[in-house]
Amino acid sequence: MFTLTFPDGAQRQVQPGATPLEVAKEISPSLAKAALAADLDGELVSLVHPIHKDARIRFLTWEDEAGKTVYWHSSAHVLAQAVKELWPAALLDDGPATEAGFFYDIKFPTPIGEEDLTRIEEKMREVLKRKERLVRRELCADEARSFFAARGERFKLELIDAIAARGESISVYEQGAWADLCRGPHLLDTGKIKAVKVLSVAGAYLHGDEKNEQLQRVRAISFPSQAELDQHLFLIEEAKKRDHRKLGRELELFSFHEVGPGFPFWHPNGTVVYDELVRFWRELHREAGYSEIRTPMILSESLWHKSGHWEHYRENMYFTQIDEQDYAVKPMNCPGCCTIFGSQPHSYKELPLKLAELGQVHRHEKSGVLQGLFRVRMFTQDDAHIFCTPPQIEDEIVKVIQLVDWIYSTFGFGYEMELSTRPEEKFIGSLEVWEQAEGALKAALARVGAAYKLNPGDGAFYGPKIDFHIKDCLGRRWQCATIQLDFSMPERFELEYTAEDGSRQRPVMIHRAIFGSFERFIGILIEHFAGNLPTWLAPVQAIVLPITEGQLEAARSVQQELLKAGLRAQLETRSEKIGYKIRAAELRKIPWILVVGAREAEQGLVAVRRHGQGDLGVRPVAELVSELRGLVDGRRLEESVTA
RNA sequence: GCUCGCGUAGCUCAGUCGGUAGAGCGCAUCCUUGGUAAGGAUGAGGUCACCGGUUCGAAUCCGGUCGUGAGCUCCA
């Protein structure tokens, strides 16, 4: 007998070879019905996996990420089967589950188009109706090779070789007359998959490698009920409405033009948002002991040789000539900052020295990756470089993490952290320094009590780093903040400080950004708030609407009061009906709409209307002004109106 | 950069079989002075992304270029 331990600590004895499904049935029929797979000592297993040890067990349902993964992975097999029934000559590569659905990379005899998606979807429903069992079968490498060779699946043969090379066991999952190479685990049968939607088809490289031939990636999603699918499709539509590229145009924040692909043009409204963020950032950094610097946009190519960028980053840089000398447009700010640090002697007493720079950088990104403000060729980083001694690293990292947390919480953003450590091979500096640095980062994370994901070997060649990812409304994760330790740059620039004992020492450099770039951050803000920016960030904070031209002067004086209080207020002067003017202001997402009619004008009142909330009643002008000032000064989120 | 799709007025989009362009919104002018999401009239706006080809004739068919979208690869 083996002992299974459940998440709540309860235990149960089972016979050797018992399966999670049998265990679930003993507990309750509803659990057996809801269970999709099980977690056995951290291993993801199917419900018919025989248990041959004492273990902790947890049943995975649709509510668990891992449960969804199994569900969608099985759905991917259904997709593949449907495709093979429609195009027997299609060649399959790989078809995993993703964060939201699943895909399959396929080489079609002739490329398919959007119009084929419905056919695939209908065929999938047909396959699902058969409610076929997914049966696992283990094969040796040669059996597997002849199995897929007989079917002409040459991509699968490559996958088999890769699996065999890793010394892993090879298995196929059969469903009806068809079978796919797969590690599993899977659902017991396809009957639990109730609703499917084939979403898109796009190019993808074989095995995800750019050098390989191009296949087509068919993306789809499935749900246990039609209602859940409908809800998901509704959310996709809602997300599209928030697309910052659309809102950016509608709200006249920024634009892109053929004369500068990837180079954003900031319109007056967008510039206000940008400047407010800068102001917020400056306030916090001044308080946190940073000094601000500015370094040139174009610098001699020799500097970029020295920094290593020419060697490692040339592909992404723009070059030019001045007086027949070679120059480069800066893609990063660190060399400029190091030039300042190196321009004068430093004492240990100055450390940690924190030099911040709103550095505008240009990077030649591949044309295909440009994407609104999320991926541009010119952007401004809220950069800073902290020069310190190795023992100071931990404290400084803690302070940066706290600053990031403060800034993100001001916008109501959730985020995830990742720690990337020393690469296996390509790295500079001694193992000792790396260990010290990684230890400092881990200690800092522990001190702030942050949960983080470890990416072993994912650090830069010059040092380990902590990355912060914000999740946007489409579920995409964007790296914004980053904290990177850098042992390389101080070395290359021969930076030094005089230590207590008079010796010359090399400082450690911490490279960090919090917004990451203003461009991307604003893009995320727009989508996060669906364009309804909090009052402190809104390009126009209030608009005054006279009901008739008779109140134009009274309305103008209300506007003057707001302007005097430092608020961004406009006056509507068009002679339209009030309904029309309100509609226009609502569409511009102006947070405060102030209506002045004969009644209000007489008593020094305004009728207040908050965007999205309708009429809030009348209020004395002075009272409203101080309320708005409070919102702005406190950089209040006003969640009730932005949600 | 690669694959596929798309490109018509400031915006959203029609435009049939190849016969040199249309709507709504917005904008301008005039009328209207209306109390919480669209009052009315008139008018201006387009080298149909660009270059080339086929054709008597191209927004429409073909090729190329540029831009853009979905992905891939890469990243703040």
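The sequence lines fix the lettering, A, B, ..., with proteins before strands; numbering per chain opens at 1. For clarity, every value in this text was computed on a predicted model and none was experimentally measured.
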Extract from the structure each pairing of a protein N or O with an N or O of nucleotides 7-14 of chain B at less than 3.5 Å, listing the distance.
unit_1	atom_1	unit_2	atom_2	d
U12(B)	OP1	R249(A)	NH2	3.0

Do R609(A) and W592(A) meet the cation-pi criteria used here (NZ or CZ under 6.0 Å from the six-membered ring centre, within 45° of the axis)?
no
Watson-Crick or G-U wobble partner of C72(B), both distances under 3.5 Å:
G1(B)
Determine which nucleotide pairs with G67(B), using a 3.5 Å limit on both distances of a Watson-Crick or G-U wobble pair.
C6(B)
Checking C2(B), A76(B), C74(B) against the side chain of Q484(A) (C-beta onward), the nearest is A76(B)
Paired with G19(B) by Watson-Crick or G-U wobble geometry, both distances under 3.5 Å: which nucleotide is it?
C56(B)
Check every atom of C74(B), A37(B), G35(B) against the side chain of E600(A) and return the nucleotide holding the closest atom.
G35(B)
Would you measure the distance from the P atom in G15(B) across to the matching atom in C6(B) and give it in whole Å?
14 Å
Can G45(B) be described as syn, meaning its chi torsion is within 90° of 0, or is it anti?
syn
Using a 4.0 Å heavy-atom cut-off, does R219(A) contact any base of the nucleic acid, only the sugar-phosphate backbone, or nothing at all?
sugar-phosphate
Got a sec: does the CD of E623(A) have more than 12 other heavy atoms crowding it under 6.0 Å?
yes
Of the nucleotides A37(B), A76(B), G1(B), which has the atom closest to the E210(A) side chain?
G1(B)
Scan for salt bridge (charged side-chain N to carboxylate O under 4.0 Å, His left out) pairs involving residues 539-557 of chain A, sequence neighbours excluded, and state none if there are none.
E553(A)-R556(A)
Identify the pairs formed between an N or O of the protein and an N or O of nucleotides 27-30 of chain B at a distance under 3.5 Å, and give each distance.
unit_1	atom_1	unit_2	atom_2	d
C27(B)	OP1	R574(A)	NH1	2.9

For atom P, what is the distance between A44(B) and G22(B), given to the nearest Å?
13 Å
In this structure, are over 12 heavy atoms from other groups packed under 6.0 Å from E213(A) atom CD?
yes
Pick base, sugar-phosphate or nothing for E576(A), based on heavy-atom distances below 4.0 Å to the nucleic acid.
base
Can you figure out which of A70(B), U68(B), U36(B) approaches the side chain of L370(A) most closely?
U68(B)
Let's test this: given Watson-Crick or G-U wobble pairing with both distances under 3.5 Å, identify the partner of A41(B).
U29(B)
